[in-house]
Protein chains: 2
Amino acid sequence: MATILVVDDEPRIVQLVRDYLEHGGFTVLTAADGPAALRTARTGRPDLVVLDLSLPGLDGLDVARSLRREGEVPIIMLTARTEESDKLVGLELGADDYLTKPFSPKELVARVRAVLRRADAASTPSEVIRVGTDVELDVPRMEARFGGRRVDLTKSEFQIVSAMARQPGRVFTRSQLLDAVRGVAFESYERAIDAHIKNIRKKVGQQYIETVFGVGYRFVEPAER
Amino acid sequence: MATILVVDDEPRIVQLVRDYLEHGGFTVLTAADGPAALRTARTGRPDLVVLDLSLPGLDGLDVARSLRREGEVPIIMLTARTEESDKLVGLELGADDYLTKPFSPKELVARVRAVLRRADAASTPSEVIRVGTDVELDVPRMEARFGGRRVDLTKSEFQIVSAMARQPGRVFTRSQLLDAVRGVAFESYERAIDAHIKNIRKKVGQQYIETVFGVGYRFVEPAER
DNA sequence: GGGAGTTGTGAGGGATTTGTGAATGACCTA
DNA sequence: TAGGTCATTCACAAATCCCTCACAACTCCC
């Protein structure tokens with residue numbers, strides 16, 4: 001069955017959680033601080049991490065961030081307080097669920113099961129944007145293919161391209177494209193978009209993005225290429 | 001930003017979803033049962049509704065149906081089981097997307113964004129001006145078609161042509177056409193319009209724009225061609 | 001047909017807009 | 001801390017477009 005890594009500096013809690021999880025049929029790894037957690041995660045490859053936010057030394061947030069960088073492992077956060085700030089950072093890091101202390105171990109086990117089920121069913125129907133036969137943008141994976149060739153785009157580049165490719169042929173103003181990059185059109189120099197367009201063209205080829213003088217840019221429809 | 005109404009009778013789920021959505025920049029309204037949902041939808045005018053299919057009392061399906069009757073609001077369904085029947089009725093009611101429980105809040109937020117994006121794109125009815133069978137001006141795309149052939153017009157040219165094509169047969173003075181080009185009729189040489197007309201005619205053909213001596217120009221009605 | 005006024009048109013100046021390489025600074029990583 | 005990536009900004013070159021001008025062609029009215 002699944003392996004769970006429990007990270008907390010209070011031995012009492014670790015023990016309690018371990019008992020419940022093992023009784024529930026899980027294999028349990030434990031760690032008492034950040035560095036140990038990262039080491040164990042690397043070697044033990046857990047299917048899920050239960051992580052206390054307040055750790056001595058390396059902070060729980062740093063641990064979460066490092067874990068995220070290294071892989072896709074789901075994380076359940078334990079926060080000592082209901083404080084807004086804690087929730088916020090937890091969410092920012094994309095925790096899959098959170099529990100505030102004190103919590104019921106039974107509930108924790110239930111949440112672990114739920115998150116694992118989700119992660120499993122995370123048959124995330126990958127949203128793929130296709131334009132004609134030779135352009136393919138896998139949005140959740142941020143993967144782009146142009147004419148069969150895989151192209152590495154940065155985050156901003158990918159967002160600009162996907163915004164345009166969703167409605168090929170339509171003209172987008174620089175301001176609209178800025179919206180696509182930052183959540184909301186931050187006050188920002190519109191010509192930053194020009195720089196991105198230049199870089200995108202260099203990577204994917206000139207034929208995909210057309211300049212509409214005095215207005216903006218558009219993704220060329222396949223029929224016209 | 002957008003307002004989302006979350007309807008579910010499990011407070012924990014409502015809380016989790018609310019946290020994630022608010023963190024994502026959305027304003028969140030909540031309701032725990034059908035009647036409350038309808039009331040809140042009426043007063044709060046949400047941009048999207050996240051709706052649990054299994055509600056106590058008034059059923060989720062009824063709520064969806066009522067929402068549909070009252071407006072255009074997009075709906076994301078939450079269904080408890082993966083049962084085919086649930087999916088079917090949900091989609092039948094025109095749910096814009098659905099998620100089966102347990103779901104990842106992160107994924108829900110992603111779906112919310114996707115549905116809003118779609119709804120937004122759809123509500124921008126691509127305004128198309130048609131004159132007869134052979135002239136088509138797609139305004140947001142700044143695309144012109146004359147007799148089946150796609151014609152590239154500059155911004156000013158496109159604005160002049162669409163102003164005239166909106167009311168075929170009507171005569172426009174040069175001053176009125178200048179208004180169409182610059183936002184307001186700037187003091188400017190009216191004969192600049194002549195130059196544009198010349199260029200437009202060269203691109204689309206002579207038969208579409210007629211000169212009205214001493215007055216201005218007009219877009220020829222199809223019957224006269 | 002003649003003349004006055006109006007429109008068609010080609011060409012070029014000049015303003016605006018875009019392309020682009022390089023510099024800067026933020027952020028992350030080793 | 002040093003090095004890398006990336007987003008942004010800047011400055012200048014290049015491209016594009018709008019407007020104007022000058023003159024030819026046309027229309028209308030007498």
Side-chain angles (χ1 to χ4, degrees), chain A residues 35 38 42 58-59 61-71 92-93 142 144 151-161 163 171-175 177-218, chain B residues 142 144 151-161 164 171-175 177-218:
Chain A
L38 292 178
R42 265 180 220 120
L58 189 55
D59 183 273
L61 291 181
D62 297 325
V63 176
R65 220 167 305 172
S66 302
L67 286 173
R68 278 276 175 252
R69 262 204 302 277
E70 296 185 20
E92 216 161 85
L93 288 171
M142 234 190 74
V151 180
D152 274 330
L153 298 177
T154 70
K155 195 168 138 201
S156 301
E157 290 164 2
F158 193 87
Q159 283 168 328
I160 290 173
V161 170
V171 182
F172 290 83
T173 65
R174 288 175 175 72
S175 153
L177 293 175
L178 269 183
D179 281 11
V181 175
R182 347 265 307 239
V184 169
F186 234 85
E187 180 93 23
S188 172
Y189 192 39
E190 290 197 346
R191 298 225 33 215
I193 294 298
D194 295 38
H196 285 302
I197 296 283
K198 170 190 58 165
N199 296 329
I200 294 169
R201 281 174 170 160
K202 194 178 290 177
K203 288 182 181 176
V204 309
Q206 299 290 320
Q207 69 269 41
Y208 297 102
I209 298 177
E210 195 178 270
T211 304
V212 180
F213 196 96
V215 187
Y217 297 95
R218 78 164 141 220
Chain B
M142 233 190 80
V151 180
D152 273 331
L153 298 177
T154 70
K155 196 168 134 192
S156 304
E157 289 164 3
F158 193 86
Q159 285 168 329
I160 289 173
V161 169
M164 292 200 294
V171 183
F172 290 83
T173 66
R174 288 175 175 72
S175 154
L177 293 176
L178 269 182
D179 282 11
V181 175
R182 349 266 304 238
V184 169
F186 231 85
E187 181 92 24
S188 170
Y189 192 41
E190 290 198 345
R191 298 226 33 216
I193 293 299
D194 295 37
H196 283 302
I197 296 286
K198 170 192 58 164
N199 295 329
I200 294 169
R201 282 174 170 160
K202 193 180 292 179
K203 288 181 181 176
V204 309
Q206 299 292 319
Q207 69 270 41
Y208 297 101
I209 299 177
E210 195 178 271
T211 304
V212 180
F213 195 93
V215 188
Y217 298 94
R218 69 185 178 135

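These figures come from a predicted structure and were not determined experimentally. Order of the sequence lines sets the chain letters (A, B, ...), proteins ahead of strands, with each chain counted from 1. The figures here come from the full heavy-atom set of this structure, side chains too, leaving out hydrogens, waters and symmetry mates.
- Rounded to whole angstrom, the span from the CD atom of B:Gln159 across to the P atom of D:dC18 amounts to 9 Å.
- For C:dT17, the OP1/OP2 oxygens have no side-chain nitrogen or oxygen of A:Thr211 closer than 4.0 Å.
- Annotation: of the two residues near DNA chain D, A:Lys203 and A:Ile193, the 5′-most nearest-nucleotide partner is A:Lys203.
- Between A:His196 and D:dC6 there is no side-chain N or O to OP1 or OP2 distance below 4.0 Å.
- Regarding B:Ile197, its CD1 atom lies at a distance of 16 Å from the P atom of D:dT20, rounded to whole Å.
- Going from atom NZ of A:Lys198 over to atom P of D:dC6 covers 14 Å, rounded to whole Å.
- A straight line from CD of A:Gln206 to P of C:dT18 spans 16 Å, rounded to a whole angstrom.
- Side-chain atoms of A:Ile209 and A:Arg218, non-hydrogen and from C-beta on, never get closer than 4.5 Å to each other.
- Taking side-chain N and O atoms only, A:Arg191 has no distance below 4.0 Å to OP1 or OP2 of C:dT20.
- The shortest distance between side-chain heavy atoms of B:Arg174 and B:Ile197 does not fall below 4.5 Å.
- For the OP1/OP2 pair of C:dG21 and a distance below 4.0 Å, the side-chain nitrogens and oxygens of A:Lys202 include at least one atom meeting the criterion.
- Closest to the side chain of A:Ala195, out of C:dG19, D:dT9, C:dT6, is D:dT9.
- For A:Glu157 and D:dT5, the CD to C1' distance is 11 Å, given to the nearest whole Å.
- Scanning for side chain to side chain donor-acceptor pair (under 3.5 Å) contacts around B:Asn199 gives an empty result, with sequence neighbours left out.
- Residues A:Ile200 and A:Lys203 are not in side-chain contact: their nearest non-hydrogen atoms beyond the backbone lie 4.5 Å or more apart.
- The CG atom of B:Asn199 sits 13 Å away from the C1' atom of D:dT20 (whole-angstrom rounding).
- Contact annotation: A:Tyr217 does not reach the phosphate of C:dT17 (side-chain N/O to OP1 or OP2, under 4.0 Å).
- A straight line from CG of A:Asp194 to P of D:dC12 spans 18 Å, rounded to a whole angstrom.
- One can place CD1 of A:Ile200 at 13 Å from C1' of D:dC6, the figure rounded to the nearest angstrom.
- What you find for A:Phe172 and A:Ala163 is that their closest heavy atoms are CZ-O, 3.5 Å.
- Remark: A:Ser156 is not in phosphate contact with D:dC6, judged by side-chain N or O atoms under 4.0 Å from OP1 or OP2.
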